[in-house]
Number of protein chains: 4
Amino acid sequence: MLNRIILIGRLVADPDMRYTQSGTAVTHFTLAVDRPFTNQQGERETDFIDVVAWRKLAETVANNLSKGRLVAVDGRLQVRTYDASDGTRRKAAEVVADTVRFLDSPRRQEGAREGAAGDDAEAAPLTEDDVPF
Amino acid sequence: MLNRIILIGRLVADPDMRYTQSGTAVTHFTLAVDRPFTNQQGERETDFIDVVAWRKLAETVANNLSKGRLVAVDGRLQVRTYDASDGTRRKAAEVVADTVRFLDSPRRQEGAREGAAGDDAEAAPLTEDDVPF
Amino acid sequence: MLNRIILIGRLVADPDMRYTQSGTAVTHFTLAVDRPFTNQQGERETDFIDVVAWRKLAETVANNLSKGRLVAVDGRLQVRTYDASDGTRRKAAEVVADTVRFLDSPRRQEGAREGAAGDDAEAAPLTEDDVPF
Amino acid sequence: MLNRIILIGRLVADPDMRYTQSGTAVTHFTLAVDRPFTNQQGERETDFIDVVAWRKLAETVANNLSKGRLVAVDGRLQVRTYDASDGTRRKAAEVVADTVRFLDSPRRQEGAREGAAGDDAEAAPLTEDDVPF
DNA sequence: TTTT
DNA sequence: TTTT
């Protein structure tokens, strides 16, 4: 009935954009989100959380973000059940992004396409496709 | 750096309380959270989201909630990696509850312990145990 | 850059729907939200938080909610500055609702229009009007 | 029953730390939070939102933040009623911070104390003082 | 497969 | 009284 999640973290790799069979853009990326406390061994742990963006937001994310960038994601947690290749039934959790805010500037690197900074990105008015691909 | 999730949904089963080896109470339950829109077949889908509560909150949840109850959970999303019995490496996502609000009254059932409604519950000041068990 | 608030509370009065000069429906209501702890005198305090809904959401809220109903509101906090009738400049804070979830059933009362329960309500794709009236 | 707000914005001025009569540190600051859309005149508006931090968090904020810094605040919205000097009864809304994350690095300025960057800050286990001062 |  |  209500499902809202807000994350701030860094991309552990460049985002991965694909298209569904019906031509909808969908981008996946993983955020490293440090926990607010240390564990019993005094180590700070990190959650690696999968995020997915659809349509125009998928394109903005893919065109403007890269490994290491700091972002805020506002969305909802979705849990899918699927059949793994070994025949077992598994669950996958991912955050479906409504908004992605860019919180730092792209790092200028040798030979990097400039990145265009771009502005923050909002998801379209949400009517999901959810077409498997 | 920031990780906050708020859910409203119903318990799909009675909560399951256990104790870690060091004696810490930990309660697991699963929430059914309806998505806010229908899919392309016009069906309303539901996310089944695992929630875990620790210590005093674990006990309050176990003592006062049961299958079907409506609650609001405020917490953070945690992603664990573990080795399945078949040797494969898998990920499990669960919400670690900071607060659980009880949003309806316990349904009176034949032969049910009264349930005592209880009040809402807050997590202790958060220093995690995270002891596997 | 990011502004998200989630409240659960009860309406302290029936919602108040009006129309802007341009004909946009806008509904105001106030939520009583109990604080999670007691103050130094051992009393539980309550925040009375103004909420505003626009357009279709304004109508759904006005048609289905009434004093005492329990709701969850998901929105953003807006702070307006205005000139009071005594000439002083004042600030008003209100939550602009994106979603309003109905968390209990309407209480049947003598002579009450039935209320139709209705379903939860989502704000339209957000392009604000914000026309004063 | 539930009251959670998450903001990302910039301090419009240096934070203001004081002590209550009982010696509790309390720091006030105002965040500029841009709205996610433009108004009918095509202008981007901004909400100026008051935030208050108590105790250790008050000190961390006062010692490490300054005008222009970008932060994420996780807390709850509190609405106080007070009597203005002109005898009128007024309402003041402010966000009581549980967590403040520092999202950029302090700007090095001529003659500025280095700022020490510091780490993010969490509120103590929340038992409010709420002593007027 | 993990980010600063 | 307003930030980039």
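Quick note on labels: first sequence line is chain A, next is B, and so on, each numbered from 1. Fair warning: this is a prediction, and the values are worked out from it, not measured in the lab.
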Detail all sub-3.5 Å separations between protein N/O atoms and N/O atoms belonging to nucleotides 1-4 of chain E.
{"residue": "E:dT3", "atom": "O4", "partner": "A:Thr46", "partner atom": "OG1", "Å": "3.2"}
{"residue": "E:dT4", "atom": "O4'", "partner": "A:Arg10", "partner atom": "NE", "Å": "3.2"}

Taken in chain and number order and not counting sequence neighbours, the residues that satisfy side-chain hydrogen bond (donor to acceptor under 3.5 Å, both in side chains) with C:Asn3 are none
Apply side-chain hydrogen bond (donor to acceptor under 3.5 Å, both in side chains) to C:Lys91 and list each qualifying residue two or more places apart in sequence or on a separate chain.
D:Asp50
Quick one: salt bridge (charged side-chain N to carboxylate O under 4.0 Å, His left out) partners of B:Asp74, sequence neighbours excluded?
B:Arg4, D:Arg4
Please list, chain by chain and in numerical order, all residues satisfying salt bridge (charged side-chain N to carboxylate O under 4.0 Å, His left out) with A:Asp104, sequence neighbours excluded.
A:Arg10, A:Arg69
Looking at residues at least two apart in the chain, or sitting in another chain, which of them share a side-chain contact (heavy atoms from CB on, under 4.5 Å) with A:Val12?
A:Thr30, A:Ala32, A:Phe48
